[in-house]
Enquirer: 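The structure is given below, and queries will be raised subsequently.
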Number of protein chains: 2
Amino acid sequence: MGQEHDAPVLAVDIGGTKLAAALVDPEGRITHYDRIATPADPDPRVLWRTLESLLDKLLAEAGCPQPAGVGVGCGGPMRWPSGEVSPLNIPAWRDFPLRRRLRARHPDLPVRVHNDAICVAVGEHWRGAGRGYDNVLGMVVSTGVGGGLVLGGRLIDGASGNAGHIGHVVVDPQGPPCECGGRGCLEAVARGPGLVAWAQRQGWRPGQAGVSGVELAEDARLGHPVAGAALQRAGRALGVAIASAMHLCDLEVVAIGGGLAQCGPLLFDPLQEALREHARMEFARRVQVVPAALGQTAGLVGAAALILAGDRYWNAD
Amino acid sequence: MGQEHDAPVLAVDIGGTKLAAALVDPEGRITHYDRIATPADPDPRVLWRTLESLLDKLLAEAGCPQPAGVGVGCGGPMRWPSGEVSPLNIPAWRDFPLRRRLRARHPDLPVRVHNDAICVAVGEHWRGAGRGYDNVLGMVVSTGVGGGLVLGGRLIDGASGNAGHIGHVVVDPQGPPCECGGRGCLEAVARGPGLVAWAQRQGWRPGQAGVSGVELAEDARLGHPVAGAALQRAGRALGVAIASAMHLCDLEVVAIGGGLAQCGPLLFDPLQEALREHARMEFARRVQVVPAALGQTAGLVGAAALILAGDRYWNAD
């Protein structure tokens, strides 16, 4: 009886490389999943139609014409909670009224849209590495550095849905310029492309055509000193920013996901070293910093939680 | 009818230099006030008896034997919410069971104890510079640098009541050592004694015996270049830490109180300059950074609010 028999939620994850959709049951399990490459076409309607096809196909294959609601994680920035999205990596959508369009498609259902990094953090809190804790920072370290904050057991949105931007915590006031216009933000140091650029300036030459943080991490594992130094630099910057967040927010768990978090000790050892130097207040020393648990599906699980556990994760109309 | 006729709350502020107590009416107005110097005696009972005398006298003079509750701000650290306090500046009290003692004195009343900087932030949110906003950081810049966070309209306590420690946000990973054991914390740079020590190393020689941030600020106003540079350095450090907090918490208002906040443009100009360089995300550029409005009484008003507006400011038993 009860929740197990309720309809699943349609969860959507909209990013620069792929559109993913899933049906998520009330326990947070993904029962159906599909994805498609994000079209490069600059016409916003092409992207919308591609998304509609993906959702139609998933619902048809699952035999679920009427889910319990629609939860969406989308790249920022966006106006929240109204859901006009302008994802940095999707130039076709600028102020695209995503939430309104989905509501028109599903007029009887709750439709909720939030930042994709927020959805990852929510997923990790609801069903991942932060489960059972009330004060959690979830992070994504990848092409960018994003995050979401759960404090007192509830998602923190801040004034405009932008709380959790750990990527723009300042780790070095004299540091490299950041795409936000600032200087020395965590993201400027630790994002994959930033690491690669730094390593190349130090003489690292990738062996193959595709230059990425993944390749850099592979070289670091093989013992390349510059690649190792790049991860060391990123790990220390992460540790400094996390120490600041621990002191400001009195956390219990920090869960780190995204591509770079796969580097293991090459990233986490310098991170922990910086924490030992900078997170010295007794309440900060107790915090656990752990890899995220849900992997690539965290964002979909979190998007579903905007509907399935809206009392904790949705503080808007 | 209604709150105006309710009994006032007994508010207490326990610091290293003075013990202050007040009766605060349900509108947040202080109707009676008294204070006494904090005794230097190392016997914890002497301090307790001094506090009891202060409270007895205030309640007798006000003709108010039975207030509606007791709200207390006390220097940290403390165990929260149980209220065993070990104020850094009051060596006589180590794990002193302040909340339990006050409950024994007032067995029929709610008794709530929180960090003194938290109470200042709560006061500024409830009746001061943050009034009417849901996302506020209140700060105290004085001998130390403390603060409190209100997000989504509610006080954020974090895992152990220690949220709001903006003084230990890292502003320079290579910066001066901090009393917490870390390095480059905001407090290490911007606390009054830190400023004075830095200025003295740069050749500043105070004209009188008492060497304090107040004297340094006075010299800065008179045009002493080293004193001015010290405030410049503190203001920039404050701006960097506040930029980080804005990005992490998506604030609306930052209210800055404490002795150093009295320095006006000498502190706020470099602070705003650092914000212009580091708080670049659109949602951060909208934040107002303002002087606190309640002055020395903010902590008492906030302590009263732990009782009078407990739905927003007290998340514990």
Side-chain angles (χ1 to χ4, degrees), chain A residues 77 133-135 137 147 149 151-152 154-175 178-186 236-237 239-241 243-253 274 276-287 315, chain B residues 77 133-135 137 147 149 151-152 154-175 178-186 236-237 239-241 243-253 274 276-287 315:
Chain A
Y133 295 93
D134 278 345
N135 300 280
L137 171 64
L149 268 180
L151 299 174
R154 300 170 60 95
L155 177 65
I156 298 296
D157 294 298
S160 59
N162 281 297
H165 267 87
I166 180 93
H168 299 279
V169 164
V170 180
V171 296
D172 177 4
Q174 312 298 327
C178 182
E179 299 208 341
C180 72
R183 178 173 286 280
C185 299
L186 170 62
R236 288 196 59 91
V240 169
S244 291
M246 287 171 171
H247 287 146
L248 190 57
C249 298
D250 190 5
L251 303 167
E252 291 163 285
V253 172
R276 282 192 295 275
E277 292 169 25
H278 291 289
R280 301 289 296 186
M281 304 287 283
E282 189 193 344
F283 65 88
R285 290 203 300 261
R286 293 192 294 253
V287 183
N315 306 303
Chain B
Y133 295 94
D134 279 345
N135 300 279
L137 170 65
L149 267 180
L151 298 175
R154 299 170 61 96
L155 177 66
I156 298 296
D157 294 299
S160 59
N162 281 297
H165 267 87
I166 182 92
H168 299 279
V169 164
V170 180
V171 295
D172 177 4
Q174 313 297 326
C178 183
E179 299 208 342
C180 73
R183 177 172 286 280
C185 298
L186 170 61
R236 288 197 59 91
V240 169
S244 291
M246 287 172 171
H247 287 146
L248 190 57
C249 299
D250 191 6
L251 302 167
E252 290 162 287
V253 172
R276 282 192 295 275
E277 292 170 25
H278 291 290
R280 300 289 297 187
M281 304 287 283
E282 190 193 342
F283 65 88
R285 290 203 299 259
R286 291 191 295 255
V287 183
N315 307 302

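Numbered from 1 within each chain, the chains take letters A, B, ... in sequence-line order. A quick note: this is a predicted structure, and the numbers were derived from the prediction, not measured.
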Enquirer: Inspect the surroundings of CD in A/Glu179 and state if more than 12 heavy atoms from other residues, nucleotides or ligands are less than 6.0 Å away.
Expert: no

Enquirer: Of the listed residues (A/Gly164, A/Pro173, A/Gly152), which shares the most heavy-atom pairs with chain B below a 4.5 Å separation?
Expert: A/Pro173

Enquirer: Checking B/Arg276 now: which residues fulfil salt bridge (Lys or Arg N to Asp or Glu O under 4.0 Å) with it, not counting sequence neighbours?
Expert: none

Enquirer: Under 4.5 Å from any heavy atom of chain B, what part of A/Ile166 do you find: side chain, backbone, both or neither?
Expert: both

Enquirer: Using heavy-atom distances under 4.5 Å, tell me whether B/Val287 contacts chain A through its side chain, its backbone, both, or neither.
Expert: neither

Enquirer: Select, from B/Ala241, B/Ala163, B/Ala159, B/Gly182, the one with the greatest count of heavy-atom pairs under 4.5 Å involving chain A.
Expert: B/Ala159

Enquirer: Taking every heavy-atom pair that is under 4.5 Å apart, which of A/Glu252, A/Arg236, A/Met281, A/Met246 has the most such pairs with chain B?
Expert: A/Met281

Enquirer: Let me know which of B/Val171, B/Leu186, B/Asp172, B/Val169 forms a side-chain contact (heavy atoms from CB on, under 4.5 Å) with B/Val240.
Expert: B/Val171

Enquirer: Would you please name every residue forming a side-chain hydrogen bond (donor to acceptor under 3.5 Å, both in side chains) with B/Arg154, sequence neighbours left out?
Expert: B/Asn315

Enquirer: Measure A/Asp157 against the heavy atoms of chain B and call it side chain, backbone, both or neither at under 4.5 Å.
Expert: backbone

Enquirer: Just so I understand: if I count every heavy-atom pair under 4.5 Å between each of A/Leu248, A/Leu251, A/Leu151, A/Leu137 and chain B, which residue has the most?
Expert: A/Leu248

Enquirer: Sort B/Asn135 into side chain, backbone, both or neither according to what part of it lies under 4.5 angstrom from a heavy atom of chain A.
Expert: side chain

Enquirer: Look at the aromatic rings of B/His168 and A/His247 and report parallel, tilted or perpendicular, splitting at 30° and 60°.
Expert: perpendicular

Enquirer: Hey, is the main chain of B/Arg183 close enough, under 3.5 Å, to the side chain of A/His278 for a donor-acceptor pair?
Expert: yes

